[in-house]
Amino acid sequence: MTEQHKIDEKYMQLAIKQAIIAEENGDVPVGAVIIHKEQIIAKAYNQRQQLNDPTAHAEIIALTQAAAALENWRLHDCTIYVTLEPCTMCAGALVLARIDRLVYGCDDPKTGAVKSLYNITQDERLNHIVNVTSGVLADDCSAMLSNFFNRRRNENKNNQ
């Protein structure tokens, strides 16, 4: 295991802890952490249910926190760790924020916009390319999401 892979796993564990908070609040368990020069500058989790806000994805909240911490909307020298492949909104926001690197856990075959359905973060027609590393602790991230949705389906069945 390379040193970079160890670092990526360490920060992905923190993103997973954020995802657990989302789940505890009744939201899809997705968490994000942003690092700038080896310092954590943002930690966030999905809050769509809490805030009744369709844009309250972990990545968007983390980007807002990071921009405030750096007092700059351009997030140069930053890496975002997120448990699930970003959607179109979040992938677009990563490009617009000029973030250097995205590390994510599991792919999202239904809405993923980095690899699964689209490749927004590396589309050369846009003004910024994000370096991407996927599959970090993918099994852990995937299991957390699968368990969440299985519980939801069972709850819905029992409430009919």
Side-chain angles (χ1 to χ4, degrees), residues 5-36 39-70 73 75 78-123 128 130-156:
H5 191 74
K6 287 179 190 173
I7 292 167
D8 289 347
E9 284 193 353
K10 169 185 156 187
Y11 290 122
M12 188 60 72
Q13 287 287 355
L14 295 175
I16 288 170
K17 287 180 181 173
Q18 291 296 302
I20 291 167
I21 297 170
E23 184 169 7
E24 289 170 349
N25 288 308
D27 216 321
V28 177
V30 177
V33 174
I34 298 180
I35 308 303
H36 177 259
Q39 296 264 359
I40 298 169
I41 60 169
K43 295 189 296 189
Y45 51 89
N46 273 6
Q47 295 183 48
R48 293 176 308 164
Q49 297 295 332
Q50 275 181 280
L51 302 176
N52 287 316
D53 181 352
T55 68
H57 289 203
E59 299 95 320
I60 301 300
I61 295 167
L63 287 171
T64 300
Q65 291 175 3
L70 296 179
W73 63 268
L75 301 181
C78 290
T79 298
I80 186 167
Y81 293 85
V82 62
T83 56
L84 180 65
E85 177 184 3
C87 69
T88 52
M89 174 182 68
C90 294
L94 296 176
V95 171
L96 293 173
R98 315 292 200 276
I99 204 154
D100 288 349
R101 185 166 177 250
L102 160 67
V103 179
Y104 72 86
C106 58
D107 294 336
D108 185 350
K110 292 186 178 183
T111 64
V114 175
K115 175 181 163 188
S116 296
L117 298 178
Y118 306 101
N119 189 354
I120 291 172
T121 55
Q122 296 185 321
D123 188 326
H128 179 73
V130 179
N131 293 317
V132 176
T133 302
S134 62
V136 175
L137 299 179
D139 291 342
D140 295 343
C141 295
S142 181
M144 184 171 39
L145 287 158
S146 294
N147 292 337
F148 173 81
F149 286 113
N150 284 335
R151 278 193 304 279
R152 273 279 168 89
R153 279 189 287 277
N154 287 334
E155 288 168 6
N156 289 338

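Everything quoted here is computed from the prediction, not taken from an experiment.
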Test item: [X] side-chain N/O and [Y] main-chain N/O as donor-acceptor pair under 3.5 Å:
| X | Y | result |
| --- | --- | --- |
| Gln47 | Ala58 | no |
| Arg98 | Leu96 | yes |
| His128 | Ile99 | yes |
| Asp123 | Asn119 | no |
| Ser146 | Ser142 | yes |

Compare every heavy atom of [Y] with every heavy atom of [X], then report the nearest pair and how far apart it is.
| X | Y | answer |
| --- | --- | --- |
| Arg152 | Gly26 | NH2-O, 2.7 Å |
| Val30 | Leu145 | CG2-CD2, 4.4 Å |
| Ala138 | Gly105 | CB-O, 3.5 Å |
| Glu85 | Val114 | OE2-N, 3.0 Å |
| Ala113 | Ala91 | O-CB, 3.9 Å |

What donor-acceptor contacts under 3.5 angstrom involve side-chain atoms of residues 61-68, with partners at least two apart or in another chain?
| from | atom 1 | to | atom 2 | distance (Å) |
| --- | --- | --- | --- | --- |
| Thr64 | OG1 | Ile60 | O | 3.1 |
| Gln65 | OE1 | Lys43 | N | 3.0 |
| Gln65 | NE2 | Lys43 | O | 3.2 |

Using the side chain to side chain contact (heavy atoms under 4.5 Å, CB included) rule, take His57 and Asn46 through it: C-alpha gap first, then chi angles, then the decisive distance, then the call. CA-CA 5 Å; His57 289 203; Asn46 273 6; 4.0 Å; yes
With a cut-off of 6.0 Å (strictly less than), are more than 12 heavy atoms of other residues, nucleotides or ligands near CG of Asp139? no
Looking at Phe148, I'd like to know if its CZ atom is crowded, meaning that more than 12 non-hydrogen atoms belonging to other residues, nucleotides or ligands lie closer than 6.0 Å. yes
Apply the test side chain to side chain contact (heavy atoms under 4.5 Å, CB included) to residues Cys141 and Met12: give CA-CA distance (whole Å), side-chain angles for both, the deciding distance (0.1 Å), then the verdict. CA-CA 9 Å; Cys141 295; Met12 188 60 72; 4.3 Å; yes
To the nearest 0.5 Å, tell me how far [X] [atom1] sits from [Y] [atom2].
| X | Y | atom1 | atom2 | value |
| --- | --- | --- | --- | --- |
| Thr111 | Leu84 | OG1 | CG | 6.5 Å |
| Ile34 | Ile80 | CD1 | CD1 | 4.0 Å |
| Leu94 | Cys78 | CG | SG | 11.0 Å |
| Thr133 | Asp8 | OG1 | CG | 5.5 Å |
| Asn131 | Leu102 | CG | CG | 9.5 Å |
| Glu59 | Thr83 | CD | OG1 | 7.5 Å |

Once ring-ring contact (aromatic ring centres under 6.0 Å, His included) is applied, do any residues pair with Tyr104, and if so which ones, sequence neighbours excluded? none
Residue from Met144, Gln49, Arg48 passing side chain to side chain contact (heavy atoms under 4.5 Å, CB included) with Val28: Arg48
With a 4.5 Å limit on heavy-atom distance, are the side chains of Ile35 and Tyr11 in contact? yes
Flag side-chain contact, heavy atom, 4.5 Å: Tyr45 against Asp27: no
Would Gln13 and Leu137 count as a side chain to side chain contact (heavy atoms under 4.5 Å, CB included) here? Give the steps. CA-CA 8 Å; Gln13 287 287 355; Leu137 299 179; 3.5 Å; yes
Evaluate side chain to side chain contact (heavy atoms under 4.5 Å, CB included) for Tyr81 paired with Gln18, printing each intermediate quantity in order. CA-CA 11 Å; Tyr81 293 85; Gln18 291 296 302; over 6 Å; no
